[in-house]
J.: 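The structure under discussion is supplied below as structure tokens; questions concerning it will follow.
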Amino acid sequence: MKKNSNRILKSQIKVMAVSMLTAELAAWAYPVDQSFWIPLTTFCVCLYIDTPLTALRRTVHRIGGSIYGVIVAGIVCLLFPTEAGLMTFLVIFAGLTLWSRAFSSLYYLFVSCITAATIMLLAILMRHTALTPDYLITERVIFTIIGAVISLAVSAAFMPASEKPDMLKTYRHYLTRFYFEYRTCIYSMQDHNHADRMKMQLRVNEILNSSRVYQEKLPIWRYALFFNVFIFRAFSRFLHRIHKMRILNMVLISGIRNLPEELVFDERIRKLLELNRILTKRILLSLMRLDKNRAEYYLNDLHTVNNNLELSLRQFESCTTILISIRDLEQDLAHLKNGAVQIYLSYRNRMV
């Protein structure tokens, strides 16, 4: 781990040095009034870069934020060309710049505000020169794009791409969390009248919080799919489906808690429940190993076991919710096996 950190740190130093040298040479080769934006943008983008995809994220945010800021500043300069008007909006945008720092993941919002504030300041300072707001705005965008592209190109050349396995890692992580909760359900059902009610409680808040985490703040590797919206959305749906499976675990454990205490399952039902757990585990392991054929083989066995389980539990009216949940989980596992992300990950794994 320490060796990997040192490797990333050396790469960061190299990227910063080469990027700044290239940006300074570009500014020197094109000596105009605002060429300082090239090295300044390069420096800002290079900060906090640990992978080429981080550079892509900051580049996109920097360029997009600059364009937004330029549009807003241009409108202000046209509608309020007086010094008092420009000064008023300078104060407003300066305050918004500080406010936007609270949203660390929305880097483009900070760039938009600081771009508008900077153009307001330059327009005020250069009102008595030949420079016009249009000129300031045009050069700001051009030099920002040049500086951001320099950072992106250098980081792509020197920074190690360590985020490739993270998509599969995230997928495996959520499947594992689902299985641990499902195992708790099956164990509780096998001996429900002697099970500890406290141990049967699934942490509902933890499940909901983990859902918000991946909905609002997907890992940084998502920018590897920046130009592949289909895979990006498909993976989001995959995570939503796994989250739905975890919610079904909550429904399942609720149905188990409502079973009458006098209800005792015979040995055959207990064996079927154990088979269900084992086959579910094997299916999940096959999905994690991207082995679709083996997962399909175990799914067929699971379908047979669930049919037998349904025949055995049909006599107990209190088990209706449990049977519906188990069947729904079986269908969800089949959807995961045939999903676009499973195919995509298998293809990427063969390419490595």
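From a predicted model like this one, the values you see are computed outputs, not experimental measurements.
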J.: Would you mind reporting whether R270 and E274 have side-chain heavy atoms less than 4.5 Å apart?
T.: no
J.: Using the ring-ring contact (aromatic ring centres under 6.0 Å, His included) rule, collect all pairs that involve residues 66-86, keeping only residues at least two apart or in two chains.
T.: F80-F89
J.: If you define the side chain from C-beta out and look only at heavy atoms, does anything of N276 sit under 4.5 Å from M189?
T.: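 Of all side-chain heavy-atom pairs linking M189 with N276, none is under 4.5 Å.
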J.: Under a 4.5 Å cut-off applied to non-hydrogen side-chain atoms, are H243 and F178 in contact?
T.: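 Side chain of H243 against side chain of F178, heavy atoms only: no contact under 4.5 Å found.
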J.: Which heavy-atom pair separates C185 from L252 by the least distance, and what is that distance?
T.: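 Taking every non-hydrogen atom into account, CB-CD2, 3.7 Å.
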J.: Check S312 against L272 and note the closest heavy-atom contact, atom names and distance.
T.: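 What the structure gives for the nearest pair is OG-CD1, 3.9 Å.
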J.: Please confirm whether the backbone N or O of S151 pairs with a side-chain atom of T42, one donor and one acceptor, at under 3.5 Å?
T.: no
J.: Could you tell me whether the side chain of Q342 and the main chain of L287 form a donor-acceptor pair under 3.5 Å?
T.: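 Yes; at least one donor-acceptor contact below 3.5 Å.
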J.: Could you grab the distance from atom CD1 of I326 to atom OG1 of T321, nearest 0.5 Å is fine?
T.: 11.0 Å
J.: State, to 0.1 Å, how close T97 and A117 come at their nearest heavy-atom pair, and which atoms those are.
T.: OG1-CB, 4.4 Å
J.: What's the shortest heavy-atom distance between C77 and M120, and which atoms?
T.: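 That would be SG-CE, 3.6 Å.
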J.: Hey, can you pull the donor-acceptor pairs under 3.5 Å for the side chains in residues 19-28, sequence neighbours left out?
T.:
{"from": "S19", "atom 1": "OG", "to": "V15", "atom 2": "O", "distance (Å)": "2.7"}
{"from": "T22", "atom 1": "OG1", "to": "V18", "atom 2": "O", "distance (Å)": "2.8"}

J.: For the backbone of M288 and the side chain of R172, can you confirm whether one donor and one acceptor N or O come within less than 3.5 Å of each other?
T.: yes
J.: Yes or no on side-chain contact (heavy atoms from CB on, under 4.5 Å) for F43 and M16, after CA distance, side-chain angles and deciding distance?
T.: CA-CA 7 Å; F43 176 77; M16 178 65 82; 3.9 Å; yes
J.: Could you walk me through whether N249 and R183 pass the side-chain hydrogen bond (donor to acceptor under 3.5 Å, both in side chains) check?
T.: CA-CA 9 Å; N249 281 338; R183 183 181 63 181; over 6 Å; no
J.: Between atom OG1 of T184 and atom CZ of R277, what is the distance when rounded to the nearest 0.5 Å?
T.: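 Here the rounded value is 11.0 Å.
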J.: Quick check on E317: does its CD atom have over 12 non-hydrogen neighbours (other residues, nucleotides or ligands) under 6.0 Å away?
T.: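 Atom CD in E317 is not crowded, with 12 or fewer foreign heavy atoms closer than 6.0 Å.
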J.: The test is side-chain hydrogen bond (donor to acceptor under 3.5 Å, both in side chains); show your working for Y297 and D291 and say whether it passes.
T.: CA-CA 10 Å; Y297 173 79; D291 191 341; over 6 Å; no
J.: Using side-chain contact (heavy atoms from CB on, under 4.5 Å), reason through E330 and H303 one step at a time and then give a plain yes or no.
T.: CA-CA 7 Å; E330 179 189 336; H303 182 72; 2.7 Å; yes
J.: Taking side chain as C-beta onward, heavy atoms only, is L285 less than 4.5 Å from Y298?
T.: no
